[in-house]
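Okay, so here's the structure we're looking at.
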Amino acid sequence: MGHNELTEQEILRRESLDKIRELGIDPYPAALYPVTHLSSEIKENYKEEILEDGTKNRLNFQDVCLAGRLMNMREAGKAMFMNIQDADGRIQLYLRREELSENDDYTFFDQLIKKLLDIGDYIGVKGFAFKTKTGETTIHVTSFTLLSKSLKPLPVVKTDAEGNVFDAVSDPEFRYRQRYVDLTVNQGVKEVFLKRTKMVNAIREYLNEHGGIEVDTPVLQNIPGGAAARPFITHHNALDVPFYLRIANELYLKRLIVGGFDFVYEFSRNFRNEGMDRTHNPEFTVLEFYVAYKDYFWMMDFTEKLLEKVALASNGTTDLPVGNNIISFKAPYKRIALYDAIKEYTGFDVNGMDETALRDVCKKLNIPTDESMGVGKLIDEIFSEKCEKNFIQPTFIIDYPEEMSPLTKKHRSKPGLVERFELMVNGKEVANAYSELNDPIDQRMRFEEQAQLMERGDDEAMFIDHDFLRALEYGMPPTSGIGIGIDRLAMLLTNQQSIQEVLFFPQMKPKQEN
RNA sequence: GAUCUCGUAGCUCAGCCGGUAGAGCAUUUGACUUUUAAUCAAAGGGUCUCGGGUUCGAAUCCCGACGAGAUCACCA
């Protein structure tokens, strides 16, 4: 097929469109359609009884109005069955020529309904509910309105009585580029996204209940701070300055804590100019929240309760299937120190080791290293290579080396460590939190160490943010903060293996379309 | 960015030891007033992702481009 040519089916639909107009029917009417019910309400609640004389008495839904997309048509002579799909599901319609015609003029039924209608059209119907002799709740249509004509053939996916699906649209490229088709046609896709919304709503509700204030902070930033990552760069024309798309919002939320908010949160769309794969999209969502006068122990308690609630809200249970495992989000979660985890899974006690000793350990464990890696990075490598994958059930890994945590407060009792935890679930990090560093002089030194790492070749090291330091100098209360990967959490709660399955429109390389 | 695999009708796929395309669903025509992956009968629909090469001849073999998926690297 050439680039601008229409297919046979598209031409036929355009011809049908013309014929509909010739019949005096507007294929795209402007007026609202007075929908009274969703398909699910009727299917779940319709009742009828059989009277003594054998006739049926229909008890409810005898004057309803529904609208939806036409998904299936079965002609049966002077009658017809259809299925429409609305926001909540599908329901069957039953139409009879006699009842949809005036006098002996069958044009409307024989032409519009039988010939000119296509799968994918939006229609509205008025009628009454009944059960067919096969027991399916059906709307007996007494009035019919075309609401919007479809000009492209929708893939037809069928499901049999046992639930076997035939011809599902399975090409991932098709599904992601034309998500509207995927959502319309593939059963279950919508549910994943509805679960994600329930999850986000539950989080918001929980944070609000506990005094959280939702805020917005800049996406366009002068200095891409709060995380170690390569940013996207853009340009502001009027100011003639470069801007970075945010890689994290951490430093801005802490500025708000300095400004007197005690508990702020933001669902932050972050952008990182790095590789894409099953678990990475260039833009992704992280929930960050910061609570004044708290520490990371409080944050662990709060987080496990939050996740327990979220699992219940989205799935109705705390025990969820994830891949081949059942993961329990029921609080409390196990807590293990980073060094203890390393000792448990490698046999090496890295506590107090210097860079040379750590390189030696890496060599023995067959972990490749390079010159730019400092103590923190080496320990991080050992953990992610040898330990991370073992933590299937939610587990807090606590107390990280100072060098890999430039925004974290020094440990109150363990020298060289900071008060930080990461939450591991299904062998992957879903949250990262700490007692926030609020000592401005210490913070300045940490930034300077980062600057040195950057010179040494670490392209993930952080920039020095002087305004943030100034804010800390005015004084920030002791605070605990956390970042939770919302897409990753959604993957866990919906048992999806790819981030693309929990993003409506995952990033795709542009492709020339017809 | 690297490696591997894939790209045939609207959808799902077959054909791939080279001889210029096939099925099911969808579409069109006809039959049928409770069917339901409706059924029955007939028909139409493809620059086989794009561009080169080898060959008498390429969907099929080779090279390149584009797009996708998986694995790896980087990261959340």
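In what follows, chains carry the letters A, B, and so on, assigned in the order in which the sequence lines appear, proteins first and then strands, with residues in each chain numbered from 1. The basis for the numbers below is simple: all heavy atoms, side chains too, and nothing from hydrogens, waters or symmetry mates.
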**Asked** With sequence neighbours excluded, what pairs up with A:Phe81 under the ring pair (Phe, Tyr, Trp, His ring centres under 6.0 Å) test?
**Response** A:Tyr94
**Message:** I need the residues from residues 151-159 of chain A with at least one non-hydrogen atom less than 4.0 Å from RNA chain B; give them sorted by number, or say none.
**Reply:** A:Pro153, A:Pro155, A:Val156, A:Lys158, A:Thr159
**Base B:G24 to side chain A:Asp167, donor-acceptor N/O within 3.5 Å cut-off** = yes
**Fill in**
Per nearest nucleotide of RNA chain B, the residue lying toward the 5' end, A:Asn72 or A:Ala227, is A:Asn72
**Request:** Mind checking A:Gly485 for me? I need base, sugar-phosphate or nothing, with any heavy atom below 4.0 Å counting as a touch.
**Result:** nothing
**Message:** Could you tell me if A:Asn83 and A:Gln92 have a donor-acceptor pair between their side chains, going purely by distance under 3.5 Å?
**Reply:** no
**Message:** Counting only Watson-Crick pairs (N1-N3 plus N6-O4 or O6-N4) and G-U wobbles (N1-O2, O6-N3), all under 3.5 Å, who is the partner of B:G67?
**Reply:** B:C6
**Request:** Taking atom C1' in both B:A26 and B:G45, compute the distance separating them and give it to the nearest angstrom.
**Result:** 11 Å
**Asked** Whole-Å distance between B:U12 P and A:Glu173 CD?
**Response** 11 Å
**Asked** With stacking defined as ring centroids separated by under 5.5 Å and planes differing by under 30°, is A:Phe166 stacked against B:A37?
**Response** yes
**Request:** Would you name the heavy atoms of A:Leu117 and A:Leu146 that are closest together and state the gap between them?
**Result:** CD1-CD1, 4.1 Å
**Request:** May I have the distance from A:Asp171 (atom CG) to B:G69 (atom P), rounded to whole angstrom?
**Result:** 9 Å
**Heavy-atom check, side chain of A:Leu23 versus side chain of A:Thr107, under 4.5 Å** = yes
**Message:** Partner lookup for B:U33, please. Criteria are Watson-Crick or G-U wobble with both distances under 3.5 angstrom; report none if nothing qualifies.
**Reply:** none
**Asked** Roughly how far apart, to the nearest Å, are B:U28 and B:G64 at atom P?
**Response** 45 Å
**Message:** Please name the nucleotide paired to B:U27 by Watson-Crick or G-U wobble geometry with both distances under 3.5 Å, or report none.
**Reply:** B:A43
**Prompt:** Roughly how far apart, to the nearest Å, are B:C16 and B:C6 at atom C1'?
**Reply:** 14 Å
**Asked** Heavy atoms under 4.0 Å, any strand shown: does A:Asn83 hit a base, just sugar-phosphate, or nothing?
**Response** nothing
**Request:** Answer with base, sugar-phosphate or nothing: what part of the nucleic acid does A:Glu15 contact at a heavy-atom distance below 4.0 Å?
**Result:** nothing
**Asked** In the strands shown, is B:C61 matched to any nucleotide by a Watson-Crick or G-U wobble pair with both distances under 3.5 Å, and which?
**Response** B:G53
**Item:** Nearest listed nucleotide, side chain of A:Arg278, among B:U71, B:U12, B:C74
**Value:** B:U71
**Item:** Mate of B:C13 where both pairing distances stay under 3.5 Å, Watson-Crick or G-U
**Value:** B:G22
**Message:** Measure CE/A:Met276 against C1'/B:A73 and give the value in whole Å, please.
**Reply:** 16 Å
**Request:** Under 4.0 Å between any heavy atoms, over every strand shown, what does A:Phe130 touch: base, sugar-phosphate, or nothing? Just pick one.
**Result:** base
**Message:** Using a heavy-atom cut-off of 4.0 Å across all strands, would you classify A:Asn281 as base, sugar-phosphate, or nothing?
**Reply:** base
**Message:** Over all strands shown, is A:Met508 touching base, sugar-phosphate only, or nothing at heavy-atom distances under 4.0 angstrom?
**Reply:** sugar-phosphate
**Request:** Indicate whether OP1 or OP2 belonging to B:C74 is found under 4.0 Å from a side-chain N or O atom of A:Arg272.
**Result:** no
**Prompt:** Can A:Glu501 and A:Thr494 be counted as having a side-chain donor-acceptor contact under 3.5 angstrom?
**Reply:** no
**Request:** Could you give the distance separating B:U20 and B:U5 at their P atoms, to the nearest angstrom?
**Result:** 28 Å
**C1' gap between B:C32 and B:A70, integer Å** = 50 Å
**Message:** Distance check, P atoms only: B:A65 and B:C4, in whole angstrom units.
**Reply:** 13 Å
**Prompt:** In chain order, what residues pass the ring pair (Phe, Tyr, Trp, His ring centres under 6.0 Å) check against A:Tyr106, with sequence neighbours excluded?
**Reply:** none
**Asked** Just checking A:Lys133: base, sugar-phosphate only, or nothing, at a heavy-atom cut-off of under 4.0 Å?
**Response** base
**Request:** For B:U27 versus B:U71, give the span between their P atoms, rounded off to a whole number of Å.
**Result:** 38 Å
**Request:** Could you name each residue pair satisfying salt bridge (charged side-chain N to carboxylate O under 4.0 Å, His left out) that touches residues 425-437 of chain A, not counting sequence neighbours?
**Result:** A:Lys254-A:Glu436
**Prompt:** Expressed in angstrom and rounded to an integer, what is the separation of A:Arg175 atom CZ from B:G7 atom C1'?
**Reply:** 17 Å
**Item:** Row check, A:Tyr400 ring normal vs A:Arg420 NZ/CZ: under 6.0 Å, within 45°
**Value:** yes
**Asked** For A:Asn186 and B:C11, what is the distance between atoms CG and P respectively, to the nearest whole Å?
**Response** 13 Å
**Request:** Kindly indicate, with the supporting measurements, whether the criterion ring-ring contact (aromatic ring centres under 6.0 Å, His included) is fulfilled by A:Phe468 and A:Phe463.
**Result:** CA-CA 11 Å; A:Phe468 175 65; A:Phe463 292 87; over 10 Å; no
**A:Ile499 CD1 to B:G69 C1', straight-line distance once rounded to whole Å** = 16 Å
**Request:** May I ask you to check whether A:Phe504 and A:Phe193 place their ring centers less than 6.0 Å from one another?
**Result:** yes
**Fill in**
Expected string for nucleotides 27-33 of chain B under the B/S/- scheme (protein heavy atoms, under 4.0 Å, primed atoms plus P, OP1, OP2 as sugar-phosphate) is SS-S-BB
**Residue-phosphate contact under 4.0 Å: A:Ser170 side-chain N/O, B:C13 OP1/OP2** = yes
**Asked** Could you give the CD-to-P distance, from A:Gln187 to B:A37, as a whole number of Å?
**Response** 15 Å
**Request:** Once you apply the 3.5 Å cut-off to both distances, tell me the Watson-Crick or G-U wobble partner of B:G1, or none.
**Result:** B:C72
**Fill in**
Of A:Tyr265, A:Tyr296, A:Phe289, the one forming a ring-ring contact (aromatic ring centres under 6.0 Å, His included) with A:Phe302 is A:Phe289
**Message:** Quick one, A:Tyr333 with A:Phe396, criterion ring-ring contact (aromatic ring centres under 6.0 Å, His included). Give me CA distance, side-chain angles, the key distance, then yes/no.
**Reply:** CA-CA 7 Å; A:Tyr333 305 158; A:Phe396 292 114; 5.7 Å; yes
**Message:** Measuring only the C1' atom in each nucleotide, how far is B:G19 from B:A37? A whole number of Å is fine.
**Reply:** 38 Å
**Request:** Under the salt bridge (charged side-chain N to carboxylate O under 4.0 Å, His left out) rule, collect the residues that match up with A:Glu381, sequence neighbours excluded.
**Result:** none
**Message:** From CZ of A:Phe174 over to C1' of B:C13, roughly how many Å is that when rounded to an integer?
**Reply:** 15 Å
